[in-house]
Amino acid sequence: RDRSPSRGLGDVYKRQYTLRSLPVIKLSGKMYLPAEETLSSIMGLTYSYNQQTKELQVSDSDVSGNGAENSADPTELPETEESEPVKTEDPVEQRAEELLTGMTLEEKVGQMFIARCPETDAASKVTQYHLGGYILFARDFTGKTKEEVTAAIQSYQNAAKVPLLIGVDEEGGTVNRVSKNTNLRKTPFASSQELYTAGGWDMIQSDTQEKCQLLQSLGINLNFAPVCDVSQDPQDFIYARSFGQDAEQTTEYVRTVVQTMSQEQMGSVLKHFPGYGNNSDTHTGIAYDERPIERFVNSDFLPFQAGID
């Protein structure tokens, strides 16, 4: 959120590739668009931003995707010009503007990324790359005690100049990172479909509360959930992870979960993308949806809009 025209990222195009659109994160009523690619995939590249198209682009003679672990020190980016913070009555926004004023361009770019937590030197890389956060996967919890997990996460926070977003995919059902470890919970969290069948909206709400409290007790402040995709066909790739009902019911599910997460002060991510509900697996290919826009407006958009509202 750099609204000052004097802060350096100008209307210059550099060719190679454009960072893709990403899920929305909601924290304390504010909306954020973090990058999903790891910082290691872009260090050493040249950054540019086009104010008209709102696209951040990067370029280099060799976009090879080499990780930060295998690369030399990242290219030092120029410092931004000093400017006064944008005046606002919101104390949170005012603090954000103050932080931005004192940041170099490299620090600002680093803050845009939630990287996959590396297996080694995770704390030092927070400092080196000025990361905005880490996303943790099953390997970061497997076989560990609660004390070991919380100590590791705290070490990342201690290394950060700006407090980190520590995220995880704890959807319930087929996608759980934390609760599969019996040291952290006796049984994995159930899927949204199972919960609703067992106890309706009350069960959805109580499960969300317990999930938030468990994650917070470990130092996790962002859950990549809920799944907002509309899917009613068991043959759909995303069906098992979705609420499994029509747009109206899925919208109510998303509204219930996001409101509860907000009350519990847990960040939420609306995923995956309108139209993905009845499409193919984009982990392995590209999905095309040729339905008219009216179908999206009257169906697929609704759960995402409820989560934003």
(request) Could you check R177, K211, K180, R241 and say which one makes a salt bridge (charged side-chain N to carboxylate O under 4.0 Å, His left out) with D169? (result) R177
Does any non-hydrogen side-chain atom of [Y] lie less than 4.5 Å from one of [X]?
X: T187; Y: R185; result: yes
X: S242; Y: Q193; result: yes
X: V254; Y: T251; result: no
X: L215; Y: M266; result: yes
X: H272; Y: V227; result: yes

[atom1]/[X] to [atom2]/[Y] distance, rounded to the nearest 0.5 angstrom?
X: S191; Y: E194; atom1: OG; atom2: CD; answer: 3.5 Å
X: I286; Y: D281; atom1: CD1; atom2: CG; answer: 12.5 Å
X: L218; Y: K146; atom1: CG; atom2: NZ; answer: 6.0 Å

Examine the side chains of [X] and [Y] and answer whether a donor and an acceptor come within less than 3.5 Å of each other.
X: D236; Y: N278; answer: no
X: N158; Y: Q154; answer: yes
X: D90; Y: Q94; answer: no
X: E170; Y: S179; answer: yes

(request) May I ask you to decide if the ring planes of F243 and Y253 are parallel, tilted or perpendicular, using 30° and 60° as cut-offs? (result) parallel
(request) Could you label the plane-to-plane angle of the Y134 and Y156 rings as parallel, tilted or perpendicular, counting under 30° as parallel and over 60° as perpendicular? (result) perpendicular
Keeping [X] on the side-chain end and [Y] on the backbone end, is there a donor-acceptor pair under 3.5 Å?
X: Q216; Y: E264; result: yes
X: N176; Y: G172; result: yes
X: T250; Y: P303; result: no
X: T127; Y: A159; result: yes

(message) Please determine whether the number of non-hydrogen atoms from other residues, nucleotides or ligands lying under 6.0 Å from atom CD of E148 exceeds 12.
(response) yes
(message) Atom CZ of residue position R291 - does it have more than 12 heavy atoms of other residues, nucleotides or ligands inside 6.0 Å?
(response) yes
(message) Could you tell me if R139 sits above the aromatic ring of F141, with its cationic atom closer than 6.0 Å to the ring centre and no more than 45 degrees from the axis?
(response) no
(request) Tell me whether the guanidinium CZ or amine NZ of R116 lies under 6.0 angstrom from the six-membered ring centre of F137 and within 45° of its axis. (result) yes
(message) Under 4.5 Å between side-chain heavy atoms, counting indirect links through other Ile/Leu/Val/Met/Phe/Trp/Tyr residues: same cluster for F273 and V297 or not?
(response) no
(request) Applying side-chain contact (heavy atoms from CB on, under 4.5 Å), run through D289 and F296 and close with a yes or a no. (result) CA-CA 10 Å; D289 196 322; F296 286 86; 3.6 Å; yes
(request) Might you point out which heavy atoms bring N221 and I166 nearest each other, and give the distance in Å? (result) OD1-N, 2.8 Å
(request) Indicate yes or no: does K271 engage D229 in a salt bridge with an N to O separation below 4.0 Å. (result) no
